[in-house]
Each structure stands twice: as structure tokens, then as C-alpha cells.
2 protein chains.
Amino acid sequence: MSTNGTSILLVEDDPNLSIVIREYLEMEGYKVLHCKDGKEGLDAFTKNKFDLCILDIMMPRMDGFTLAKEIRKVSEFIPIVFLTAKTMDDDRINGFKAGCDDYITKPFSTEELSLRIKAILKRCRIMGSPLNPEQNKEIHIGNYTFDPSNMLLTSEKSERNLTRKESALLKLLSENINQIVTREFALRTIWGDDDYFIGRSMDVFITKLRKYLGEDPAISITNIHGTGFRLEVKE
Amino acid sequence: MSTNGTSILLVEDDPNLSIVIREYLEMEGYKVLHCKDGKEGLDAFTKNKFDLCILDIMMPRMDGFTLAKEIRKVSEFIPIVFLTAKTMDDDRINGFKAGCDDYITKPFSTEELSLRIKAILKRCRIMGSPLNPEQNKEIHIGNYTFDPSNMLLTSEKSERNLTRKESALLKLLSENINQIVTREFALRTIWGDDDYFIGRSMDVFITKLRKYLGEDPAISITNIHGTGFRLEVKE
DNA sequence: AACTTACGTTAACAAATCATTAACAGTTTT
DNA sequence: AAAACTGTTAATGATTTGTTAACGTAAGTT
């Protein structure tokens, strides 16, 4: 199995341990983002995409369980590995043991951690949830190619860096091509909220996207009155 | 494992012991360069490439620990074996025991030394350290060649020694060429933390790298507003 | 010890970017 | 026809970034 491009969120407050783990995992080819406590970890999780989380349980500001709960709100199936002090007889561990999760007791060897990670990733992939299916995939929209991870919209004639919101909206639309994307769904997904002004803001972005995609007449963003928008590509 | 071509820097002031070690190691197929004290050792290290260092701790002019520190400045991951008088209870030993390093107490058999060396080399190769050819590879960026392990940025016209941070940042960018490296990922990877001032510090380094890479107009470091940077090489 | 040098951080100010809001025109529904 | 919704452009203000210089510190040098 290639570890390439698999990104891991490591939340661990012990600086020495975290360095050891991070360096080892990076040598194995994972991308690792390390946070020092639960708050930071949650923040990082919402801003990035990860394939797996490694959470220490005992941490300042927000413990691993609370963090895991928060993470689960956003991402139902992401595998989580807990790091616990040896015989921590906490019932909550059992509560999380289901699904793809696992826990490892300290002290552990880096090899053990690595094996567990591989096992979990394998298991989860088998279970049919390709971890980040669309992660680095480019999306073709008519004559355009859209690379969401690079926020780059390319055609033969032009290349444009999209802003975060532009990119997020186009991603949403292109993932649901020829299907209605509800106003509310878009607003809640991208803006996390839904009120009049945010709605108007989205309309401004729709105008921008229409302009950017104007090179290809087969592409259109159609408004469904009172409902939402649909990105359409003819033939 | 073939010892062929593996070159060892041996720094040991006892002439008899050093001869014994050198001859034994050469018999095993290693290339050995011997220096009589720390100063000589450091000089030799900067002028040549080694796969492993064997340093006596008690030495005139510069002791083994100081030498090791100097070596680490240049080469972060090269394995170091310390030779110590039997039960030298120096805390500093523990400081160095991490990673690929090891220490051997005198007196020791040549066999023991040989086994340790093999074990260390194996371990480090597995861990993918710079012994691993993959990681010692130079990176080509437009007209430039960047050697991360030597922190050296070269073009036809110029050659520049980068500082650690400059080098780390350029490494990260060039490993993800034409892809966005998020601010957060860079900050957490290189600085281990992410706050406002560290972020500003990174911006200063970006400015520096842009200046260094300015000779080749095909190279650019593009800011993706609110997201990160992308090292781009056209054609 | 006093003096350099090198490096990373912080400060300070200029410039650019972006999401939002406003404003007004046009559409669709009831 | 009134009300609600959408399209579009431009103005606004906050945030982010670019850049240079000053600063502090640690190491080496005299």
C-alpha cells in the first residue's frame, strides 16, 4: 500500500513524543500535521482534509475524547487512533472502539503505530469508504479543468486562481453536476450559516463563476427559482 | 548487507586503538577516514561525505559531544556512534541517544563495534534517513539545483548557502511543486507551531526565497490568499 | 571580555486581495 | 400588480501579504 499523500492529523501535547511520531510517520511517507492540544486540533481539522487522526487522550484545553466527538460531527467515518496511558480503564474507550477506530497504549514502538495505521487504513478502504476519493482529482467541466485542491481553473486559453469561496462553490456545483444544489445546502456547507446577506453574497459568487466559465457556451449555471442552482454541461 | 562504499569518519585520539578499529573496519569493506582530534574531524567532515561517524568523547582540542553538535548543524540525520569510557554517566549521552545515534563503552570488541554499525546503518536506512539515496537527491527547480541535505542552492551563475529555515521552507515547497502548501502545514511542519508572528516570519522567508530564485523568470512563488503558497515552474 | 557575524523574529508601513454589503435593475411567482 | 427572488456592478472595510529595517540572541573571533 502506498502511504503517499495520506495525510494524518496528530494531536499530542508531549513535544518529544510528537516529534518522534511525526518524523517516523513522515519517513513512512505520510503527511503529518501536528497540533499541541485539542482546540488547535479541532481548528486544524475543520480547515484541512485528513485521512486519519491520531489523538492523545490526556491533553490540556480539550481532551482526546471531546475532540473525537467534535471531529465525528464533521466527518462521520474518519478513522481515529487514540493514544492512552497503559491501563486506562475508561469505558469511553469501548464506546469509540467501534468502526475504524483503534487505540494504542503508551509506551509503544513506532513500528507498532505504523502497523496499526496501515491496518486501519486498509480496513477502512475495504469497508468501501475510499478515504478521500476526490481529494486530488481534477474535475472536468466542459472545456475547463478544475483542480479544487489547487483552487485552479484551467482552459486551453486561460488559467485562473480561484479564491477560497469561489473554489468551494464551484467544487460543490461540479460535484453535483446537472443536479440542483440547494441554496441552503450550499450556504450551510460553505458558509456554515444561512441568512439573507450571506445568500446575496453567494449570488455574487455565482455571477463570478458564470463569468469565469463563459468561454465554453456549453456550460451554464442555471437558477432554479426559490430553490438553488444547477451547473449544467450540454453534451 | 554490503558495506561496500559506506564511508566512515573515525575520530579517535588514541593512536593504537584507532589503528585497530580502522584496520578492522577496512577489512569489513568500509572506507575509513581517521582524524586525531575534534578539530581535524570537523574539518574532514565538512570537506567530505560520510555515511556514519564514530567519535571518541574524550579528545583534545574538541571533545566528541561538541564535534557531534557541529556535525549536526551541517547534517541533521547522519548516524553517530560515540565511544565512551566504561560507565561514563554523562547526561549528554541520553540527549544524543535518540534517532540513529548509539554509544559504545570501551573496552569493546571489534565485532561488537561492527555489529553496532551494521545495526545502525540498517535502522537508519529503514527509517529513510539521508543514507537513503532517495532523500539525498538534489531537486531541480527551473535553472536551479537545490540540495536540501547541504542547504545549497545553485545555478549556473551563482551558489548560495541557505540557512536552516530557508532550506526547510524551500524543501517543503519544492516537494510540493505546483501544489499549494498551506500556511498552517508549513508552519506546523517547520516551526512546529502556528501563530501570527511565526506566520509573519514565514512571509519574510518567502520574500527571501523569491529573491534567491529571481534569476529564473520561469520560477515564481505564488501566494494563494488566505491559504498558502505555491512554488510554480513554468514549462 | 569586547567585538563581530549570522540568523531568526518582530516591528512598521505600504499594498493587494477578498468577502460582504449596498444599490439598482430585472425576473418570477402569487 | 405586489412581493419575493435573482443578476450584476461597484463601494467598503477588514484581513492578508510584501518588504525593509530594526532588534535580540547566540556563536565565533580577537
Side-chain angles (χ1 to χ4, degrees), chain A residues 47 151-153 160-170 172-173 180-184 186-187 189-214 220-231, chain B residues 38-39 42-43 46 61-62 65-74 76 151-153 160-170 173 180-184 186-187 189-214 220-231:
Chain A
K47 285 190 193 148
M151 309 199 299
L152 206 61
L153 181 64
R160 182 187 295 273
N161 276 309
L162 302 184
T163 69
R164 274 172 298 176
K165 290 270 150 70
E166 288 166 358
S167 182
L169 184 54
L170 182 55
L172 206 58
L173 289 168
I180 293 179
V181 175
T182 300
R183 285 188 89 85
E184 182 173 12
L187 292 173
T189 305
I190 298 172
W191 279 266
D193 200 358
D194 171 6
D195 69 25
Y196 172 78
F197 287 109
I198 291 175
R200 292 324 323 273
S201 197
M202 180 166 95
D203 290 332
V204 174
F205 283 102
I206 291 287
T207 296
K208 283 179 182 164
L209 290 182
R210 282 182 178 134
K211 202 174 289 174
Y212 301 164
L213 294 169
S220 59
I221 299 178
T222 306
N223 171 250
I224 317 298
H225 193 92
T227 308
F229 294 93
R230 185 170 52 211
L231 174 61
Chain B
K39 287 268 187 216
L42 182 56
D43 201 46
T46 55
R61 296 224 284 170
M62 184 192 287
F65 283 123
T66 314
L67 175 56
K69 260 190 181 171
E70 294 300 315
I71 287 175
R72 277 275 174 275
K73 283 186 191 167
V74 184
E76 198 177 352
M151 309 200 297
L152 201 62
L153 181 64
R160 182 187 296 272
N161 278 308
L162 301 185
T163 69
R164 274 169 302 178
K165 289 271 148 72
E166 287 166 358
S167 180
L169 184 53
L170 183 55
L173 289 169
I180 293 179
V181 175
T182 62
R183 289 188 88 84
E184 181 169 26
L187 292 174
T189 304
I190 297 173
W191 279 266
D193 200 356
D194 170 6
D195 69 26
Y196 173 78
F197 288 108
I198 290 175
R200 290 328 318 274
S201 196
M202 179 166 96
D203 290 332
V204 174
F205 282 101
I206 291 285
T207 297
K208 285 179 182 164
L209 290 182
R210 282 185 177 131
K211 205 173 285 173
Y212 301 164
L213 294 169
S220 59
I221 299 178
T222 304
N223 169 252
I224 314 298
H225 192 94
T227 307
F229 294 92
R230 186 170 52 209
L231 175 60

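In what follows, every chain begins at residue 1, and chains take the letters A, B, ... in the order their sequences are listed. Because the structure is predicted, anything quoted here is derived from the model rather than measured.
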What is the distance, to the nearest angstrom, from the [atom1] atom on [X] to the [atom2] atom on [N]?
X         : N       : atom1 : atom2 : result
Asp203(B) : dT17(C) : CG    : C1'   : 14 Å
Asp43(B)  : dG28(D) : CG    : P     : 15 Å
Arg183(B) : dT17(D) : CZ    : C1'   : 7 Å
Leu209(A) : dG7(D)  : CG    : C1'   : 14 Å
Arg160(A) : dT17(C) : CZ    : P     : 13 Å
Tyr212(A) : dT8(D)  : OH    : P     : 13 Å
Phe229(B) : dT17(D) : CZ    : C1'   : 7 Å
Arg230(B) : dT17(D) : CZ    : P     : 14 Å

Does [X] have any side-chain contact (heavy atoms from CB on, under 4.5 Å) partners at least two apart in sequence or in another chain, and if so, which?
X         : value
Arg210(B) : Ile206(B), Ile221(B), Asn223(B), Phe229(B)
Ser201(A) : Phe205(A)
Thr207(B) : none

- Message: One character per nucleotide, please: for nucleotides 18-30 of chain C, 5' to 3', B when the base has a protein heavy atom closer than 4.0 Å, S when only the sugar-phosphate does, - otherwise.
- Response: SSBBSB----SS-

- Query: What does Asn223(A) touch in the nucleic acid at a heavy-atom separation under 4.0 angstrom: a base, only the sugar-phosphate, or nothing?
  - Reply: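 The residue Asn223(A) makes sugar-phosphate contact but no base contact.
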
- Query: Counting only side-chain N and O atoms of Lys211(B), is one of them less than 4.0 Å from OP1 or OP2 of dG18(D)?
  - Reply: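 No, no such contact exists.
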
- Nearest-0.5 Å distance that lies between atom OG1 in Thr189(A) and atom CD in Glu184(A):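 Those atoms lie 9.5 Å apart.
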
- So how far is it from Leu187(A) CG to Met202(A) CE, rounded to the nearest 0.5 Å?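 Here the rounded value is 4.5 Å.
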
- Item | Pairing residues for Glu166(B) by the salt bridge (Lys or Arg N to Asp or Glu O under 4.0 Å) criterion, not counting sequence neighbours |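 So Glu166(B) forms no salt bridge (Lys or Arg N to Asp or Glu O under 4.0 Å) with any residue.
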
- Query: Any salt bridge (Lys or Arg N to Asp or Glu O under 4.0 Å) pairs touching residues 193-202 of chain A, not counting sequence neighbours?
  - Reply: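 Passing the test, one end in residues 193-202 of chain A: Arg200(A)-Asp203(A).
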
- Message: If the condition is side chain to side chain donor-acceptor pair (under 3.5 Å), which residues does Arg230(B) pass it with, not counting sequence neighbours?
- Response: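 Per chain and number, Arg230(B) pairs via side chain to side chain donor-acceptor pair (under 3.5 Å) with Asn161(A), Glu232(B).
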
- Query: Got a sec, which residues hit side chain to side chain donor-acceptor pair (under 3.5 Å) with Lys47(A), two or more places apart in sequence or on another chain?
  - Reply: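 If we apply the side chain to side chain donor-acceptor pair (under 3.5 Å) test to Lys47(A), skipping adjacent residues, the hits are Asp43(A).
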
- Item | Overall bend - the helix from dA1(C)-dT30(D) to dT30(C)-dA1(D), comparing terminal axes fitted on five pairs, nearest 10 degrees |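 Nearest ten degrees gives 20° for this helix.
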
